[in-house]
Q: 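Shown below is the structure under consideration.
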Amino acid sequence: MSHPTHSSERIVIVGGGFAGLSAAVRLAQAGLPVTVLEQSKLGYAASSRNQGWLHSGAWFARAHPNLARMCYESLLQTLQFCPECVEPHYGSMVYFSTSNETGLGEWTQAFDQSGIPYKSLSRAQLEQALPTVDRRQIHAGLRLPDRSFRPDALLSELAAAARNAGAEIRPETFVDGLLTEDRSVYGVRVESNEELRARLVILATGAYSQTSFSHLFEPVAGSQSDYRLVRLKTHLRAVKPETGCDPFYVVDSIGLNHLPHFGTSVFGTNRWRVVSSTDNDQLDAVETEKIHEQLQLLFPQGFGPHCKIHDWAGTTVQAMHIEQIEPGDAPLPTIVDHSTEPNPVDNVLSIFPGRATLWAHLAEQVRKTVLERLESRVSETSQPPWAG
Ligand SMILES: Cc1cc2nc3c(=O)[nH]c(=O)nc-3n(C[C@H](O)[C@H](O)[C@H](O)COP(=O)(O)OP(=O)(O)OC[C@H]3O[C@@H](n4cnc5c(N)ncnc54)[C@H](O)[C@@H]3O)c2cc1C
């Protein structure tokens, strides 16, 4: 077979979740020919199976003010771009403490440093926002800008924006390998044996990066990679009908949080466990019990005789720079340029948002990296459709 290497100007993005679609918008806006290939329907994986928490960054502010700032910017851009993405029937998030020994001063100081606005709530306002929480468990609280958001609505809006900017989006198209010559990628092989040539391939494949494209991350004896992939698992509980409370976060628990969606309350914690790549989404009884215990404290009367409870677990893959600290603790948007890795391969990048909320930040970073790499023969001046 001949290799008309790099004969295409095309940028192929593999993966139609938040990372792939938002990057497609910004690259297509720059006038680049972009094709997104998604093995299933758009948002098939983590992007449609998450808790729907549009982070203000407040959760990260004490330990990681920069990450908190990024989240807040992304939240504002999400609201600007897709106001209908937030659940219309619920307010913004209430952060509250359950013990009078927990001061909120450290938190408000961190919010101030990260530029995240907040409002103190009186006892009456707290009880109004959390009408079904046991009053004995409510001590002090604040209102933050975090919202419950609808991932499906945001995905549709991003796909529409990418198409409007000229990107081609092909769902139900599985990429089963990279076309490579002399450690240089020149396209992808699609399952139907179609070969699609590209000058640059961007892998936005989330947790699949660890299985389908793991060779790109393989360690090489004697030289250390700057990045490692970490698979993280968390547990969630959905309760129907919902509690009637606004979204909330309990600051002095295991990070119990509540995100209401269309009549369903989804509870999670800040427990993200590192698991092996073979670990599936099976429930871990210890983790579900922890959520159960927290809910019993807050809702000792339960949720009524007709409530339906559904527990599930989900995994995500975070790319961590070697200088990053605990996995799950600082889910930064990350771009890995494989030409600079110990096992160098040219013309391929892997991209990870860290959290769905950070899609807008990641898209800007991808645009900058790609235009620099291509020594921008395109002049890109247009603002993103989510700019304020
Ligand atoms: C349980 C859970 C709860 C979460 N809750 C939140 C939350 O409340 N708020 C928040 O901000 N973040 C949350 N996150 C994180 C967030 O969901 C992810 O960071 C984000 O969705 C990742 O987006 P992505 O586009 O990188 O990956 P994905 O959404 O996983 O997209 C990857 C896409 O690539 C496709 N793909 C893979 N391999 C191929 C191939 N070979 N060919 C073609 N297509 C392929 C997949 O089908 C998939 O659609 C949560 C994550 C989990 C797991």
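Counting convention: from 1, in listed order, for ligands and their atoms alike.
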Q: Among pairs that include at least one residue of residues 113-170, which meet ring pair (Phe, Tyr, Trp, His ring centres under 6.0 Å), considering only residues two or more places apart or in two chains?
A: Phe111-Tyr118
Q: Given His55, which of Phe60, Tyr72, Trp359 fulfils the ring-ring contact (aromatic ring centres under 6.0 Å, His included) condition?
A: Phe60
Q: Do Trp59 and Arg355 come close enough that some side-chain heavy atom pair is under 4.5 Å?
A: yes
Q: Using side chain to side chain contact (heavy atoms under 4.5 Å, CB included) as the criterion, point out the one residue from His292, Lys240, Arg237 that pairs with Ile309.
A: Arg237
Q: Do any nitrogen or oxygen atoms of Gln39 come within less than 3.5 Å of a nitrogen or oxygen of ligand 1?
A: yes
Q: So for Leu232, does at least one of its heavy atoms come nearer than 4.0 angstrom to any atom of ligand 1?
A: no
Q: Tell me which one of Gly354, Gly20, Gly17, Pro353 gets a heavy atom nearest to atom 26 (O) of ligand 1.
A: Pro353
Q: For ligand 1, is any non-hydrogen atom under 4.0 Å from Thr315's backbone (N, CA, C, O), its side chain (CB onward), both, or neither?
A: backbone
Q: Just wondering, do Leu154 and Thr78 contact through their side chains at under 4.5 Å, heavy atoms?
A: yes
Q: Under a 4.0 Å heavy-atom limit, does Trp312 contact ligand 1 with its side chain, its backbone, both, or neither?
A: neither
Q: Strictly by modelled atom types, are Ser56 and Asp146 linked by a side-chain donor-acceptor pair under 3.5 Å?
A: yes
Q: Do Thr234 and ligand 1 have an N or O pair less than 3.5 Å apart?
A: no
Q: Using a plain distance cutoff, I'd like to know if Phe352 has any nitrogen or oxygen under 3.5 Å from a nitrogen or oxygen of ligand 1.
A: no
Q: For residues 72-136, which residue pairs qualify under disulfide bond (SG atoms under 2.5 Å apart), counting only residues two or more places apart or in two chains?
A: Cys82-Cys85
Q: Charged N to carboxylate O below 4.0 Å: is that the case for Arg373 and Asp337?
A: yes
Q: Are any of the heavy atoms in Gly52 under 4.0 Å away from ligand 1?
A: yes
Q: Report yes if Gly314 has an N/O atom closer than 3.5 Å to an N/O atom of ligand 1; otherwise report no.
A: no
Q: Strictly under 6.0 Å, is that where the ring centroids of His310 and Trp312 end up?
A: yes
Q: Under 4.0 Å from ligand 1, counting heavy atoms only, is it the side chain of Ala19, its backbone, both or neither?
A: both
Q: Identify which of Ser212, Gly15, Ser47 has a heavy atom lying nearest to atom 23 (O) of ligand 1.
A: Ser47
Q: Just to confirm my output: which protein heavy-atom neighbour is closest to atom 39 (C) of ligand 1, and how far is it?
A: Thr205 CG2, 3.8 Å
Q: Counting each atom of ligand 1 from 1 as listed, which ones have a heavy atom of Phe174 under 4.0 Å away?
A: 40 (C), 41 (N), 42 (N)
Q: Do Tyr208 and Phe213 have ring centres separated by under 6.0 Å?
A: no
Q: Within the structure, does Lys41 bring an N/O atom to less than 3.5 angstrom of an N/O atom in ligand 1?
A: no
Q: Under a 4.0 Å heavy-atom limit, does Leu358 contact ligand 1 with its side chain, its backbone, both, or neither?
A: neither
Q: Taking heavy atoms and a distance under 4.0 Å, where does Trp53 meet ligand 1: side chain, backbone, both or neither?
A: both
Q: Can you list the atoms of ligand 1 that are under 4.0 Å from a heavy atom of Val14?
A: 40 (C), 42 (N), 43 (C)
Q: For Ser48, is the nearest heavy atom under 4.0 Å from an atom of ligand 1?
A: no
Q: So, do His258 and Tyr249 have ring centers that fall under 6.0 Å from each other?
A: no
